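First the proteins, then the strands, lettered A, B, ... as listed; each starts at 1. Predicted, not measured: the structure shown is a model, and the values here were computed from it.
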Number of protein chains: 2
Amino acid sequence: MSITSDLLRGHTDTIILRRLMHQDSYGYEINKYIQEKTNGEYELKEATLYSAFRRLEEIGWISSYWGDETTGARRRYYTVTSTGRKAYEQNMKDWEQAKYLIDALIKEGGE
Amino acid sequence: MSITSDLLRGHTDTIILRRLMHQDSYGYEINKYIQEKTNGEYELKEATLYSAFRRLEEIGWISSYWGDETTGARRRYYTVTSTGRKAYEQNMKDWEQAKYLIDALIKEGGE
DNA sequence: TGAATGTAACTAGAAAAACTAAGTACAACG
DNA sequence: CGTTGTACTTAGTTTTTCTAGTTACATTCA
């Protein structure tokens, strides 16, 4: 992993929500997805991912069900709830604002 | 504070370094600067700021000295070291990459 | 005069998120 | 039948930020 996780911290929930808005999914798949999408530059540690699932389910942004795999390892699928969808939209707005603020605070120029 | 600190987390050090690259400064001033620059949208809590100073001084990115105020509250000034300068440049690169990665992971479009 | 406000730094202890470092279980493949 | 891949889980730790204070001096103004 080349990019420090501190920079991605705070985005874990949004990343998960986004993926679940595309389709119901499960931990292992989401993890692989992130690695592929970022060409291995970033990966969520399993423990991080699964504890995020637990947190998000507790606050009602996602819900889960066991898949009906007849073969292979069992999978716990997650769905995003309507509350979760709203949270995603809000997080996106916050992110746009954060990008702007961070740029203002860390870039050259400006007294 | 309107923006969640989780999104700014990880940028505290860079914000401080940037400010010190402009001029030697001290905690209170940096705090006020951030509030003004962001129109009150964001503020570093004092404890956060001072513990960041301690951390950065420990790893040698900044160093400090007492100001020679003859009146008013004493000030501890901080300077950025050459190591700190390099760290700032690296952090900026990481941030540019992080922006790109985060956008790729949380935005619509893309399977 | 003395109460409030502003400047300035500091601390102890708690919380949250992510981490390390495991373990369990099943399937496939050579 | 040993290794690799899929898939989930947990215990305990680290790091950063937070809450909630304290101390100290200066100025303002009622």
ask   = Which of the following nucleotides, C:dA17, D:dT19, D:dA7, is nearest to the side chain of B:D6?
value = C:dA17

Separation of atom CD in A:Q35 from atom C1' in D:dA7, rounded to whole Å = 14 Å

query = Is there a donor-acceptor pair closer than 3.5 Å between any side-chain N or O of A:T38 and the backbone N or O of A:I34?
reply = yes

Partner residues of A:E46 under the side-chain contact (heavy atoms from CB on, under 4.5 Å) criterion, sequence neighbours left out = A:N31, A:Y50

ask   = Among all residues two or more places apart in sequence or in another chain, which pass the side chain to side chain donor-acceptor pair (under 3.5 Å) test with B:R55?
value = B:D13

ask   = On the ring face of A:Y88, is A:R18 found with NZ or CZ under 6.0 Å from the centre and within 45° of the axis?
value = no

Residue list, side chain to side chain donor-acceptor pair (under 3.5 Å) with B:Y77, at least two apart or on another chain = B:R75

key: Minimum-distance nucleotide (side-chain atoms of A:Y28 versus C:dA8, C:dC10, D:dT6)   = D:dT6

message = In whole Å, I'd like the distance from the OH atom of B:Y77 to the P atom of C:dC10.
response = 13 Å

task = By nearest nucleotide on DNA chain C, pick out whichever of B:Y26 and A:R74 is the more 5' one.
result = B:Y26

query = Listed by chain and number, what are the side chain to side chain donor-acceptor pair (under 3.5 Å) partners of B:Y65, not counting sequence neighbours?
reply = B:D24

query = What is the distance from CG of A:L8 to P of C:dA16, rounded to the nearest Å?
reply = 22 Å

key: Separation of atom CG in A:L7 from atom C1' in D:dT16, rounded to whole Å   = 13 Å

task = Taking only the side-chain nitrogens and oxygens of A:R9, find out if one of them lies under 4.0 Å from OP1 or OP2 of D:dT17.
result = no

message = Could you check whether A:E96 pairs with A:K99 (Lys NZ or Arg NE/NH1/NH2 to Asp/Glu carboxylate O, under 4.0 Å)?
response = yes

ask   = What's in the same ILVMFWY side-chain cluster as A:Y100, cut-off under 4.5 Å, chained through other members?
value = none

query = Listed by chain and number, what are the side-chain contact (heavy atoms from CB on, under 4.5 Å) partners of A:R76, not counting sequence neighbours?
reply = A:S64, A:W66, A:Y78

ask   = Just how far, in rounded Å, is C1' of C:dA17 from CG of A:L44?
value = 12 Å

query = Which residues, if any, of residues 48-58 of chain B bring a heavy atom under 4.0 Å of DNA chain D?
reply = B:T48, B:S51, B:R55

request  = Quick one: label A:E29 by what it contacts on the DNA or RNA (base, sugar-phosphate, nothing), any heavy atom closer than 4.0 Å.
outcome  = nothing

query = CG of A:N31 versus P of D:dC8: gap in Å, rounded?
reply = 10 Å

request  = Kindly calculate the angle separating the two end axes of the helix from C:dT1-D:dA30 to C:dG30-D:dC1, each obtained from five base pairs, and round it to 10 degrees.
outcome  = 0°

request  = Can you sort out the partners of A:R85 under side chain to side chain donor-acceptor pair (under 3.5 Å), two or more places apart, ordered by chain and number?
outcome  = none

key: Length of the line joining B:E46:CD and C:dT11:C1', which is rounded to integer Å   = 12 Å

request  = Could you please name the option among C:dA17, C:dA8, D:dT6 that lies closest to any side-chain atom of A:K32?
outcome  = D:dT6

ask   = Between D:dT17 and B:T12, is there an OP1 or OP2 to side-chain N/O distance shorter than 4.0 Å?
value = yes

Distance in angstrom units between A:K45 NZ and D:dT15 P, rounded = 14 Å

ask   = Does A:R75 put a side-chain nitrogen or oxygen below 4.0 Å from OP1 or OP2 of D:dA7?
value = yes

